[in-house]
Amino acid sequence: MKRLLRLIAKQWITYALGFTALVLAIVLDMYNPYYVGSIIDRVILGGELAYLKTALLALVGITFARAVLGYTKEYMFDLSSSKVIVELRKKLFDHIQGLSFAFFDRNNTGELMSRIKEDTDNIMSAICYGFMLFLEQVIYFGVATVILFTIDWRLALVSLVTMPLIEYVVFRLEKQVGKQYEKISDQRAVLNMTAQENIAGVRVVKAFGREKHEILKFLKQNEENYRINYDLVKSMATYNPLIEFLSNLVSVLVITAGGYFVIGGEMSLGTLVAFSNYIWMLIWPLRMMGWLTSVLAQCVASVKKIDKLFDEEPDIKNYQDPKVPEEIKGHVEFRDVCFEYDGASVLKDINIDARPGGTIAIMGMTGAGKTTLINLIGRYYDCTSGSVYFDGIDVREMDLAVLRKNVSVVMQDTFLFSDTIEANIKFGAGEVPDEVFRAACRDAMVDEFVSQMPDGYQTVIGERGIGLSGGQKQRISIARALVRDAKVLVLDDSTSALDMETEYAIQWAMERRKGFTCFIIAHRISAVKNADEILYFEDGRIVERGTHDELLRLRGRYYETYREQYRDYVEALEKEVV
Ligand code: DUT
Ligand code: MG
C-alpha cells in the first residue's frame with residue numbers, strides 16, 4: 001500500500017488539478033436547480049420576463065463551463081492514474097524478473113500474468129474513477145444536505161427518512177453481486193486457460209484426436225459462464241426496481257409534503273422544484289456507494305496480492321561485498337556439491353575440476369541430474385552443501401552480473417522471442433561487433449539456412465508462418481550463446497535435434513574457437529568422445545568418469561552406451577578381430 005501511495009503522491013499536481021476541477025463542477029451543479037426554481041417563481045408565476053434572459057444565459061453558461069470542467073477532471077484523473085499504473089506495472093515486472101528460478105518453479109505463469117494485468121487494472125479503476133467518483137459523491141451528499149436543510153429543515157428531514165432503507169438495499173445488492181462477480185472472474189480465468197492451452201497445444205490436441213473432447217470441455221465451461229452471468233442479471237433485476245421504487249418514493253413524499261407548504265403559502269413553487277432536484281444529489285451518491293465500496297475493496301485486495309509479490313525476495317542475491325576475479329579464466333570447480341529440490345536429494349557429492357579451456361562432457365539417463373548440475377554454475381540455484389568455485393571464488397560470493405556474463409548457457413528447451421533472428425541471437429549480449437556476430441552465426445551453422453530466407457537475419461520468428469525446425473531453433477540458441485564470447489560455455493543437450501553432419505560441423509567450429517571451458521550434456525557418443533573428461537551420471541551421482549578410451553576400457557555404463565550406438569560397427573570390428 002505504501003508503495004502505491006508513494007506513486008500516487010508523485011502525481012500530486014495532476015491529481016490536485018483534477019480535484020479542483022471536480023469541486024468547481026460541483027459548485028456549478030448546485031446553481032442549476034436554483035436557476036430552474038427562480039425561472040418558475042419569477043418568470044412563470046411572477047411574469048418577470050426580463051429575468052428569463054439572465055437565468056437562461058446563466059444556465060447555458062453553467063452547462064458550458066460544466067462540460068469544460070468535466071473534461072478537465074476526467075482527463076487529469078485519467079492521466080495521473082495511468083502514470084501511476086504504468087510505473088507500478090514496470091516496478092512489478094522488474095521485480096518479478098529479478099526473482100530466482102526457484103520462485104518460478106513454485107508459481108504458475110497464469111497467476112503472475114493476472115497480477116501484472118488484472119490486479120493492476122483493478123487498482124487503476126479504483127484510483128481513477130473509483131477515487132474520483134467517491135470524492136465527488138461525498139461532496140455532493142454533504143453540500144446537498146446543507147442546502148436542503150437551509151431551504152426547509154422539515155422537508156429535508158422527510159427526504160432523509162427513506163435514505164437508510166435505500167442504503168440497506170444497495171449494500172444487500174452489492175454483497176450478492178460482489179460474490180457473483182468474483183465467481184465470474186474465477187470462471188473467466190478457467191475459460192481463458194482452457195482456450196489458451198488448447199490453442200497453444202493445438203498440435204497435441206489434433207495429434208491425439210482430442211478435438212471433440214476439448215470442444216465439449218470448452219462448451220461446458222462456456223455454459224457455466226452463461227449460468228453465472230444469468231444469476232447476476234437475476235439479482236440485478238430483483239434489486240434494481242426496488243432501489244428505483246424507494247428513490248422515487250422520496251420524491252413522492254417530498255412533493256406531497258412540499259405541496260401542502262406551497263398551498264399553505266409557506267413555500268414558493270420554484271423552491272419546491274429546486275428542492276426536489278437537490279434530492280437527487282442525495283440519492284445518487286447513496287446508490288453509487290455500494291458499487292464504489294466494492295471497487296475500493298477490490299483494489300485493496302489487489303494491492304495486498306501485489307504487495308505479497310513485492311515482498312518476495314530473490315533466493316539468489318548478490319553477495320554484500322561481491323568479489324570479482326582478477327583475471328577471468330573460466331576455471332570451474334565443484335567441491336562436495338549436494339543439491340536438493342524441496343528436500344528431495346538430486347545431486348550427491350559431486351567433485352569436478354574443469355580447467356580453463358577444457359571440455360567436460362556429461363552423460364546419463366533422463367532425470368539423473370545433469371541440468372540441475374549445470375544450473376549451479378551460473379548460480380541459478382545455490383547448492384545445498386559444498387561449493388561451486390569460479391576462478392577460485394565461491395560463486396555465492398562472486399558478483400552475479402560478472403558471473404552470469406561469463407557463463408553462457410544453451411538451455412535444453414530453446415526459447416525464442418517473437419522478434420527478428422538477429423535480435424534473438426544478440427539477446428542480452430549488449431553491443432555485439434559485426435564480426436563477432438557473423439562468426440557466431442557461421443560457427444553455429446545458422447548462416448546456412450538464414451541466408452536462404454528472403455529477409456535474412458531480419459526475418460521475424462513466429463510471424464506470417466515463419467516457423468523453424470527444432471534443429472534450426474537449436475542452432476539459433478547456440479549462436480546466441482557464442483555471441484556472448486563467455487569464458488564458460490554450457491551446452492545442455494543442444495545438438496540433439498541436429499543431424500550428424502551439422503553436429504560434427506558445429507563441434508569442429510567449437511574446437512577451432514576454443515579458449516573457453518565447455519560443459520556438454522549429450523546422449524550421443526559422437527558428441528562427447530573428444531572431451532577431456534566424461535562424467536556418467538546415475539541418480540545424482542557420478543558413477544563413471546574418465547576419457548573416452550579409459551571409459552571404454554572400463555567396460556561399464558559408457559561402454560554399454562557405446563555398444564548400443566555403434567552396434568553394427570562394433571560387431572563387424574569384433575568379427576574382423578576374430
Ligand atoms: N527436478 C525437480 N524440480 C525441478 C527440476 C528437476 O524436482 O525444478 C527433479 C526431477 C529429476 C531431478 O530433479 O528427478 C533431476 O532433474 P534434471 O532436470 O537435472 O535431470 P536431467 O538429467 O537434466 O534429465 P534430462 O536428460 O531429461 O534433461
Ligand atoms: Mg536436462
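Computed from a predicted structure; not experimentally measured. When reading the values below, keep in mind they use all heavy atoms of this one structure, side chains included, and skip hydrogens, waters and symmetry mates.
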Trainee: Please work out which of the three classes, parallel, tilted or perpendicular, describes the rings of His548 and Tyr558, given edges at 30° and 60°.
Mentor: perpendicular

Trainee: Indicate whether the side chain of Gln412 and that of Thr371 have a donor and an acceptor atom separated by less than 3.5 Å.
Mentor: yes

Trainee: Hey, is OH on Tyr129 packed in by over 12 heavy atoms from elsewhere, all under 6.0 Å?
Mentor: no

Trainee: State, with a plain yes or no, whether a side-chain heavy atom of Leu468 is found less than 4.5 Å away from one of Phe449.
Mentor: yes

Trainee: Looking at Asp307 and Arg3, is there a salt bridge between them, counting it only when a charged N and a carboxylate O are closer than 4.0 Å?
Mentor: yes

Trainee: Determine whether the aromatic ring centres of residues Tyr75 and Phe77 are separated by less than 6.0 angstrom.
Mentor: no

Trainee: Can you confirm whether or not the ring centre of His331 sits under 6.0 Å from the ring centre of Tyr389?
Mentor: no

Trainee: Only one of Ser469, Ser494, Ser496 forms a side chain to side chain donor-acceptor pair (under 3.5 Å) with Gln474, so which one is it?
Mentor: Ser496

Trainee: Check Lys179 with Glu182, please: is the shortest side-chain N to carboxylate O separation under 4.0 Å?
Mentor: no

Trainee: Determine whether more than 12 heavy atoms belonging to other residues, nucleotides or ligands lie under 6.0 Å from atom NZ of Lys348.
Mentor: yes

Trainee: For Met76 and Leu22: C-alpha separation, side-chain torsions, deciding distance, then whether side-chain contact (heavy atoms from CB on, under 4.5 Å) applies.
Mentor: CA-CA 10 Å; Met76 290 299 167; Leu22 180 144; over 6 Å; no

Trainee: To the closest 0.5 Å, what do you measure between CD1 (Ile461) and NZ (Lys473)?
Mentor: 9.0 Å

Trainee: Closer than 4.0 angstrom, basic N to acidic O: yes or no for Asp443 and Arg513?
Mentor: yes

Trainee: Taking only Lys NZ, Arg NE, NH1 and NH2, and the carboxylate oxygens of Asp or Glu, determine whether Arg553 and Asp549 approach each other closer than 4.0 Å.
Mentor: no

Trainee: Got a second to check how far Phe390's CZ is from Ile377's CD1, nearest 0.5 Å?
Mentor: 9.5 Å

Trainee: Does atom CZ of Arg563 have more than 12 heavy-atom neighbours from other groups under 6.0 Å away?
Mentor: no

Trainee: More than 12 heavy atoms of other residues, nucleotides or ligands under 6.0 Å from CZ of Arg210: yes or no?
Mentor: no

Trainee: Looking at side-chain heavy atoms only, is the closest gap between Asp394 and Tyr319 below 4.5 Å?
Mentor: no

Trainee: Within the 4.5 Å heavy-atom criterion, are Leu99 and Phe104 side-chain neighbours or not?
Mentor: yes

Trainee: Give a yes or no on whether Asp539 atom CG has more than 12 heavy-atom contacts from other residues, nucleotides or ligands under 6.0 Å away.
Mentor: no

Trainee: Would a 4.5 Å heavy-atom cut-off, applied to side chains only, mark Val337 and Val388 as touching?
Mentor: yes

Trainee: Charged N to carboxylate O below 4.0 Å: is that the case for Glu312 and Arg106?
Mentor: yes

Trainee: Output yes when Asp121 and Arg89 qualify as a salt bridge under the 4.0 Å nitrogen-oxygen rule, no when they do not.
Mentor: yes

Trainee: Using side-chain heavy atoms (C-beta onward) and a distance below 4.5 Å, is Phe427 in contact with Asp419?
Mentor: no

Trainee: Are Tyr504 and Asp499 close enough, and set up right, to give a side-chain hydrogen bond (donor to acceptor under 3.5 Å, both in side chains), and what steps lead you there?
Mentor: CA-CA 9 Å; Tyr504 182 72; Asp499 57 276; over 6 Å; no

Trainee: Do other residues, nucleotides or ligands put more than 12 heavy atoms under 6.0 Å from the CZ atom of Phe310?
Mentor: yes

Trainee: Considering residues, nucleotides and ligands other than Phe208, do more than 12 of their heavy atoms fall under 6.0 Å from its CZ?
Mentor: no

Trainee: Any chance you could measure Thr459, atom OG1, to Asn424, atom CG, to the nearest 0.5 Å?
Mentor: 11.0 Å

Trainee: Please tell me if the side chains of Leu551 and Tyr536 come closer than 4.5 Å, counting only heavy atoms from C-beta onward.
Mentor: no

Trainee: Can you tell if the side chain of Val190 reaches within under 4.5 Å of the side chain of Gln221, non-hydrogen atoms only?
Mentor: yes

Trainee: A quick test of your reading: do over 12 heavy atoms of other residues, nucleotides or ligands sit less than 6.0 Å from CZ of Arg557?
Mentor: no

Trainee: Among Ile360, Asp353, Thr359, whose side-chain contact (heavy atoms from CB on, under 4.5 Å) with Glu533 holds?
Mentor: Ile360

Trainee: Less than 4.5 Å apart, any side-chain heavy atom of Asp493 and any of His523?
Mentor: yes

